[in-house]
Amino acid sequence: YGENMISVGYPVISGEQTEAMIFMSSSISSVTKKSAEAAQLIVICLAGAAAVACVAVYFTSKSISRPIRKISEAATIIANGNFEKKIEIGGAMEIKLLAESFNNMAKSLHEQEAHRREFIANISHDIRSPLTSIKGFLTAITDGTVPENMTERYLNIVIDETERLEKLANDILYINKLQSAEPLQISTSTFDIAEMVRKVVISMESKFNAKNLEFIADFSSDKVFVCADGEKILRVLYNLLDNAVKFTPERGIISVGISENPQEVIVSVKDSGIGLSEEERGRVFERFYKADSSRGEHKKGSGLGLSIAREFVRAHNSDIYVKSIVGEGSAFSFSLKKPVDKKFINNS
């Protein structure tokens with residue numbers, strides 16, 4: 001051949017004998033050239049694949065980093081107090097879910113901030129009002145503006161306003177406990193709820209007499225025992241009756257009904273007061289909500305009583321309900337479990 005060659009031989013076999021040999025030869029230079037071309041082709045393919053991969057990684061990282069950067073920017077805006085910021089992001093489902101979670105968080109923070117501002121505004125108003133009265137009456141007494149024969153009357157007003165402040169402080173403490181992460185603890189015992197209602201009404205006798213209100217007791221029995229937290233249910237009854245007195249006009253009627261079924265005792269507090277509109281019924285249990293701000297003379301409370309009552313009832317795995325018609329009055333009802341011990345059942 002005149003040059004170095006690579007030769008390959010292969011036998012042609014017929015039966016058990018080799019009939020012939022087939023040889024193929026190629027120069028080493030051509031083999032080397034083909035190998036170099038193949039290597040070059042492989043390098044080109046690898047380079048092309050690497051370039052494509054780099055481009056794909058670049059755009060993929062951009063598509064991922066862009067929404068994350070938007071979320072980061074929105075987080076900074078929200079951290080500065082703008083809770084109305086929202087983000088609209090497309091792309092992968094995981095990123096969309098992250099954006100939705102972020103928007104839900106921003107909405108929740110916005111609502112909490114609104115409640116916080118409303119809380120501060122209501123507390124400021126409810127504290128300032130009695131303090132203004134106390135300061136005004138005490139100033140009038142000390143500088144001689146109030147005649148001596150009227151001093152006792154104005155001092156009684158000061159005492160009433162002081163008690164109002166004390167009740168507000170206690171309500172705020174209750175709300176603070178209710179807002180804690182820990183569930184509300186109750187200490188159950190068996191007691192006569194009919195007797196408890198009588199004691200609450202007696203403690204509020206002066207309020208009933210001041211407006212010439214009629215009280216009606218509609219009990220299924222003289223003694224009706226329940227298994228509940230007596231301290232909290234006492235607060236529920238007081239809040240409901242105090243609310244009824246507040247919104248019932250002079251010579252109106254307030255009634256407390258106690259009925260039973262095999263498992264529960266149902267307590268209802270009804271009044272012949274001004275009633276609630278549909279919107280007011282939907283919000284009456286909200287904290288600091290006061291139905292119809294135009295009725296200021298009837299609403300010296302904090303707007304926390306019904307909210308606290310509902311939380312206390314819910315702690316007993318029950319709920320409190322309201323029925324009302326404007327101009328005809330309102331009825332609040334809740335249920336409590338009967339005691340397991342049979343000696344307390346149908347004991348009149």
Side-chain angles (χ1 to χ4, degrees), residues 156-157 159-160 163-164 167 170-171 191-226 228-261 264-276 280-281 284-285 290-292 295 297-310 312-313 316 318-336 338 346-348:
N156 286 330
I157 295 175
I159 291 173
D160 290 340
E163 291 176 350
R164 180 179 163 192
K167 183 177 182 298
N170 290 332
D171 286 345
F191 59 90
D192 181 4
I193 193 161
E195 180 63 21
M196 181 177 284
V197 170
R198 295 186 190 101
K199 290 180 179 179
V200 173
V201 173
I202 291 172
S203 70
M204 300 177 67
E205 184 177 3
S206 60
K207 294 185 178 182
F208 277 82
N209 293 337
K211 299 179 76 172
N212 295 314
L213 299 176
E214 179 185 354
F215 175 75
I216 298 175
D218 183 15
F219 301 165
S220 60
S221 178
D222 289 339
K223 295 183 178 181
V224 184
F225 290 94
V226 296
D229 188 317
E231 180 185 351
K232 290 180 173 57
I233 298 305
L234 178 66
R235 183 62 187 271
V236 171
L237 289 171
Y238 183 88
N239 286 359
L240 292 178
L241 282 167
D242 185 61
N243 206 59
V245 171
K246 197 180 302 177
F247 288 98
T248 302
E250 289 194 16
R251 302 187 184 281
I253 300 173
I254 294 176
S255 64
V256 176
I258 299 178
S259 59
E260 304 177 64
N261 62 40
E264 297 176 321
V265 171
I266 297 93
V267 182
S268 62
V269 178
K270 301 178 182 178
D271 64 66
S272 60
I274 56 181
L276 298 166
E280 290 168 341
R281 289 197 301 272
V284 71
F285 293 109
K290 299 180 181 180
D292 192 352
R295 304 172 192 158
E297 63 176 307
H298 301 292
K299 300 186 320 150
K300 293 183 178 179
S302 62
L304 292 172
L306 290 179
S307 176
I308 292 172
R310 182 178 64 172
F312 282 178
V313 171
H316 289 78
S318 183
D319 210 341
I320 188 166
Y321 304 94
V322 58
K323 294 181 180 179
S324 184
I325 299 176
V326 175
E328 296 185 17
S330 304
F332 293 84
S333 61
F334 62 94
S335 61
L336 297 171
K338 282 186 171 182
N346 297 324
N347 185 9
S348 302

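Heavy atoms only: backbone and side chains are in, while hydrogens, waters and symmetry mates are out.
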Hey, does Asp271 have a side-chain heavy atom less than 4.5 Å from the side chain of Phe247? no
Are Leu306 and Leu240 packed together at the side-chain level, in the sense that at least one heavy-atom pair is separated by less than 4.5 angstrom? yes
Ignoring hydrogens, what is the shortest heavy-atom contact between Ser324 and Leu276? Give both atom names and the distance. OG-N, 2.7 Å
Which atom names give the shortest non-hydrogen contact between Thr248 and Ser272, and what distance separates them? CG2-OG, 3.8 Å
Heavy-atom neighbours of Lys270 NZ exceed 12 at 6.0 Å: no
Can you give me the closest heavy-atom contact between Asp192 and Phe225, atom names plus distance? N-CD2, 3.7 Å
Quick check against the 3.5 Å criterion: does Lys338 have a side-chain atom that pairs as donor or acceptor with the backbone of Asn261? yes
d(Leu241 CG, Ile254 CD1) to nearest 0.5 Å is 6.5 Å
Pair Ser333-Ser268, side-chain donor/acceptor within less than 3.5 Å: no
In this structure, CD1 of Ile320 is separated from CZ of Arg310 (nearest 0.5 Å) by 9.5 Å
Less than 4.5 Å apart, side chain to side chain, heavy atoms only: is that true for Phe219 and Val256? yes
I'd like to check the side chain to side chain contact (heavy atoms under 4.5 Å, CB included) partners of Lys199; sequence neighbours left out, ordered by chain and number. Glu195
In short, Tyr238 meets Val200 closest at the heavy-atom pair CA-CG1, 3.9 Å
Give the minimum heavy-atom separation between Arg251 and Leu213, together with the two atoms involved. N-CD2, 4.2 Å
Is a side-chain donor or acceptor of Lys207 paired with a backbone partner of Asp242 at a separation under 3.5 angstrom? no
Determine whether Asn239 and Phe312 make a side-chain contact, defined as any pair of heavy atoms from C-beta on separated by less than 4.5 Å. no
The reported gap from CD1 in Ile233 to CZ in Phe191 (rounded to nearest 0.5 angstrom) is 5.5 Å
Using salt bridge (charged side-chain N to carboxylate O under 4.0 Å, His left out) as the criterion, list what pairs up with Asp319, not counting sequence neighbours. Arg314
Listed partners of Ile325 passing side chain to side chain contact (heavy atoms under 4.5 Å, CB included), at least two apart: Glu328
Exercise: identify the closest heavy-atom pair between Arg281 and Val284: O-CG1, 3.7 Å
